[in-house]
There are 2 protein chains.
Amino acid sequence: MKDSFWQEHLCYLGFRLTVPRKIVINILKETEKHLSAEDIYVKALKINPSIGLTSIYRTLLLFTKINVVQKHDFGEKKARYELINNPLKKEHHHHLICTRCKTVIDYADFMKEEVELMTKTENKLSKKYHFKIIYHTVHFYGLCVKCQKLA
Amino acid sequence: MKDSFWQEHLCYLGFRLTVPRKIVINILKETEKHLSAEDIYVKALKINPSIGLTSIYRTLLLFTKINVVQKHDFGEKKARYELINNPLKKEHHHHLICTRCKTVIDYADFMKEEVELMTKTENKLSKKYHFKIIYHTVHFYGLCVKCQKLA
DNA sequence: TTTCATATTGATAATGATTTTCATTATCAA
DNA sequence: TTGATAATGAAAATCATTATCAATATGAAA
């Protein structure tokens, strides 16, 4: 029954292993990009034309809640999704976002210093503002090589 | 004709000094909060009931383009706006965002180290990825004091 | 296996923020 | 004061996402 780590995880938490859920995981597993719900839907239709967009959204919502995918907001009106622990990707990374073509580059360079400082800052801020920090985001916005030439 | 620094700026760039634009600037000048378009619209109606929501959006778009306001995306479905160089606010700051009540706390503590590292990282990333970085965002998401108790 | 309670689905309608359209009005230089 | 046109407000259109709800698929129990 178990098809992969993620599906086992689903099962473990008491969720059913359904067709749309398997398809969404497989699509995310095989890309390095940050796909929107629509992107995923289009790919899913090619695998199983009877799948509904609603299910894609519901699946992504569920996966986000159980920490199987991460939902990103890169300043577009639509959200983008990324599988957590995707073997194609670096463990932990931050993002460079091209404001023109919306391409997202993952980077994990210099993360040690960055994350160290973030942790330090988090601790200080938590105390000062009595704020319980759950996660942080670091986004660099700008222009990718291509768009620098075009703009 | 000129009413303030911002209005002069508008004028200088060749834009007209209209009623909705003055109102939006004045509303933003007098708050420390990050207001949504709707928030601003409600306040604007009290000053001039004939103002349209469309104009609020148009004004905010213009102001964002000419760097008079900064548009923020804190993970809600609606955007929030903040006047750049607001005398009520710290020059440069990052944000703590409560994921439950959506309150945003500005902080400028420890910014020196943070900004230094960001700049260093930006330089390295620019070179490595040939990416022209325009700006960055650092958001800490979590629960504010109140919501920690309620959640 | 077959049955069954119910978790999950897909089609459709609804939502809510933001944009577009377009005819009317306000602004400012001449 | 006038006139070109920038800017407005009302209403309709978009677009991503959610809610509704009847139909279906899933997995445990018989």
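Numbers restart at 1 for each chain; the letters A, B, ... are given by sequence-line order, proteins then strands.
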Query raised in the report: Atom NZ of B/Lys78 and atom P of D/dC15: how far apart are they, to the nearest Å?
Result: 22 Å
Query raised in the report: Going by an N to O cut-off under 4.0 Å, is there a salt bridge joining B/Glu82 and B/Lys89?
Result: yes
Query raised in the report: Roughly, in whole Å, what's the span from CG in B/Leu10 to P in D/dA7?
Result: 9 Å
Query raised in the report: Tell me: OH of A/Tyr57 to P of C/dA14, nearest whole Å?
Result: 19 Å
Query - Reported CG-to-NZ distance for the pair B/Leu35 and B/Lys78, which is rounded to 0.5 angstrom - result: 10.5 Å
Requested in this report: Take the protein atom CD of B/Glu76 and the nucleotide atom C1' of C/dT15, then report the distance between them rounded to whole Å.
Outcome: 16 Å
Query raised in the report: Do A/Met118 and A/Glu113 come within less than 4.5 Å of each other through their side chains, counting heavy atoms only?
Result: no
Query raised in the report: Can you tell me how far P of D/dA6 sits from NZ of B/Lys22, to the nearest Å?
Result: 19 Å
Query raised in the report: In which ranges does DNA chain C form stems of 3 or more consecutive Watson-Crick or G-U pairs, distances under 3.5 Å?
Result: C:1-30 with D:1-30
Requested in this report: Mind telling me whether A/Tyr141 and B/Tyr135 have parallel, tilted or perpendicular rings, with 30° and 60° as the class edges?
Outcome: parallel
Query - A/His136 ring center within less than 6.0 Å of A/His94 ring center - result: yes
Query - Distance, rounded to the nearest Å, where B/Leu61 contributes CG and D/dA7 contributes P - result: 12 Å
Query raised in the report: Using a cut-off of 4.0 Å between protein heavy atoms and nucleotide atoms, how would you tag nucleotides 6-12 of chain C 5' to 3' with B, S and -?
Result: BBSBBBB
**Report entry** hydrophobic_cluster_shared for B/Tyr107 and B/Val145, side chain cutoff 4.5 Å
**Finding:** no
Query - Test item: A/Phe140 and B/Ser126 side chains (from C-beta on) under 4.5 Å apart, heavy atoms - result: no
Query - Within one Ile-Leu-Val-Met-Phe-Trp-Tyr cluster: A/Val19 and A/Leu10, side-chain cutoff 4.5 Å - result: yes
Query raised in the report: Can you find a pair of side-chain heavy atoms, one from A/Arg21 and one from A/Arg16, that are under 4.5 Å apart?
Result: yes
**Report entry** Rounded distance (Å) that lies between atom P of D/dT17 and atom CG of B/Asp73
**Finding:** 12 Å
Query raised in the report: For the pair made of CG in B/Leu60 and P in C/dT18, what is the distance, rounded to whole Å?
Result: 9 Å
